[in-house]
Amino acid sequence: MDGSSRGLRSAICFALVLVLPAAQPPPTVHSRDEWRVVDKECRDVLPPQAKIRACLNLLSDRRLSTAYLAPINGEISSTFQSLRDYDNAIKYKKIEIERANTVAEQPSSSGDALPASLGAMSLRYLELGSLQSLNRLTNFNSQSDEARRVATEEQNNYNLALSYNPMNYRAYRYRAEIHSLFCDGASAAQDMEAAVRFAEQAGDQDTARDYKRVTLSACIPAWRRD
């Protein structure tokens, strides 16, 4: 392991110690200024390794309210994904979801906050399932017990995505893939039909056409659910 890798891992461990145990204090700057801080000191930083370090440092910044912890962790997750480090991408996506759930439980004066939060949570669980799929396909034997375990976690996250947004057509499409791997052809077909239907209702005709041409992966007999 080279020096830069050791430095990055040390930064990650240090930031987790700071961030996970306690919530941030109330914000000391206006919301618009907080977003500017997030953009300048996390989202817009390059290259990826520097961005990860900057975002980790920002997680302990007392200028920001707890509402900004979820999007910062999301930036960290997506940056690890760009580096094909799926283990860390999954770790920070889970932290993002945990932080977002904490904020969602807080009362809001905005009547539009609840639907927006539901859609965002659906997307986060969809992204977590997709990361687990990439991790499974990259790092595990395609028919191993470990791959089956990860596929089960994927399916659970697509279920959660649909619990927040029953019209999330991408979640239906990806869950159909898992049903097919588990040799549940009937459920896979139902999910693909739902994926096409809701994509059309959302006006995403290109995706709907693509879904109509999808050939799902063949069932893995060792994964069959009795």
Side-chain angles (χ1 to χ4, degrees), residues 1-2 5 8-9 12 16 48-49 52 73-98 100 120-199 202 204 206-226:
M1 181 183 297
D2 59 28
S5 297
L8 181 55
R9 289 185 179 276
I12 293 170
L16 282 175
Q49 291 84 353
I52 290 169
N73 278 291
E75 286 293 323
I76 297 171
S77 175
S78 64
T79 306
F80 273 121
Q81 180 181 356
S82 72
L83 296 171
R84 299 185 180 181
D85 184 345
Y86 299 122
D87 284 335
N88 273 316
I90 289 167
K91 176 193 298 183
Y92 284 94
K93 181 58 66 175
K94 288 180 177 179
I95 296 173
E96 177 191 357
I97 289 171
E98 177 187 348
M121 288 306 301
S122 181
L123 178 59
R124 290 184 180 105
Y125 279 111
L126 174 67
E127 290 170 342
L128 178 55
S130 298
L131 286 170
Q132 289 167 327
S133 177
L134 289 168
N135 196 39
R136 171 174 59 84
L137 295 171
T138 302
N139 295 317
F140 303 114
N141 179 290
S142 62
Q143 299 188 29
S144 67
D145 289 341
E146 185 65 12
R148 185 185 191 281
R149 182 191 65 76
V150 175
T152 299
E153 289 185 6
E154 286 175 56
Q155 185 177 51
N156 290 338
N157 283 306
Y158 300 142
N159 291 341
L160 286 166
L162 290 168
S163 74
Y164 282 97
N165 178 12
M167 296 179 67
N168 187 335
Y169 50 91
R170 290 184 173 84
Y172 283 110
R173 188 267 175 268
Y174 295 141
R175 192 174 69 173
E177 188 75 19
I178 303 300
H179 280 312
S180 186
L181 292 173
F182 286 148
C183 307
D184 186 354
S187 295
Q190 289 176 358
D191 273 359
M192 284 307 305
E193 290 173 2
V196 171
R197 182 171 68 256
F198 287 124
D204 192 347
D206 290 341
T207 296
R209 282 192 294 270
D210 289 342
Y211 284 176
K212 289 176 182 178
R213 296 192 291 265
V214 163
T215 300
L216 296 172
S217 298
C219 113
I220 299 175
W223 290 12
R224 189 184 301 276
R225 286 177 167 172
D226 297 328

How far does [atom1] of [X] sit from [atom2] of [Y], to the nearest 0.5 angstrom?
X: Gln155; Y: Leu160; atom1: CD; atom2: CG; value: 11.0 Å
X: Leu126; Y: Arg175; atom1: CG; atom2: CZ; value: 12.0 Å
X: Ile178; Y: Asn157; atom1: CD1; atom2: CG; value: 10.5 Å
X: Ser78; Y: Ile52; atom1: OG; atom2: CD1; value: 9.0 Å
X: Asp85; Y: Asn88; atom1: CG; atom2: CG; value: 4.0 Å
X: Phe140; Y: Asn135; atom1: CZ; atom2: CG; value: 5.0 Å

Steps toward side chain to side chain contact (heavy atoms under 4.5 Å, CB included) verdict (Arg173, Leu216):
CA-CA 10 Å; Arg173 188 267 175 268; Leu216 296 172; 3.6 Å; yes
If you take all heavy atoms of [X] and [Y], which pair is closest and at what distance?
X: Ala161; Y: Asn168; result: CB-ND2, 4.2 Å
X: Asn141; Y: Ala147; result: O-CB, 3.2 Å
X: Leu83; Y: Pro48; result: CD2-CB, 3.9 Å
X: Cys183; Y: Ile220; result: SG-O, 3.5 Å
X: Arg136; Y: Leu181; result: NH1-CD1, 3.8 Å
X: Ser122; Y: Asn165; result: OG-CB, 3.4 Å

[X] versus [Y]: any side-chain heavy-atom pair under 4.5 Å?
X: Arg84; Y: Leu134; result: no
X: Met192; Y: Tyr211; result: yes
X: Asp210; Y: Arg213; result: yes
X: His179; Y: Asp191; result: yes
X: Gln81; Y: Tyr86; result: yes

Apply salt bridge (Lys or Arg N to Asp or Glu O under 4.0 Å) to the pair Glu127 and Arg124, showing each step before the final yes or no.
CA-CA 5 Å; Glu127 290 170 342; Arg124 290 184 180 105; over 6 Å; no
Establish, from distance only, whether the side-chain atoms of [X] and [Y] form a donor-acceptor pair under 3.5 Å.
X: Asp204; Y: Tyr169; value: yes
X: Gln132; Y: Glu153; value: yes
X: Ser217; Y: Glu177; value: yes

Take the angle between the ring planes of Tyr172 and Phe198 and call it parallel below 30°, perpendicular above 60°, tilted in between.
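It falls in the parallel class, under 30°.
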Asp145/Arg148 ion pair, N-O < 4.0 Å:
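Judged by the 4.0 Å cut-off on N to carboxylate O distance, Asp145 and Arg148 do not form a salt bridge.
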Hey, do the aromatic rings of Tyr158 and Tyr125 have their centres closer than 6.0 Å?
no
Using the rule given for side chain to side chain contact (heavy atoms under 4.5 Å, CB included), can you reason through Glu75 versus Phe80, listing the C-alpha separation, both sets of side-chain angles and the distance that settles it, and then say yes or no?
CA-CA 9 Å; Glu75 286 293 323; Phe80 273 121; over 6 Å; no
Does the pair Leu128 and Ile90 meet the rule for a side chain to side chain contact (heavy atoms under 4.5 Å, CB included), with working shown?
CA-CA 6 Å; Leu128 178 55; Ile90 289 167; 3.9 Å; yes
Criterion side chain to side chain contact (heavy atoms under 4.5 Å, CB included) on Arg225 and Asp184, from CA distance to verdict:
CA-CA 8 Å; Arg225 286 177 167 172; Asp184 186 354; over 6 Å; no
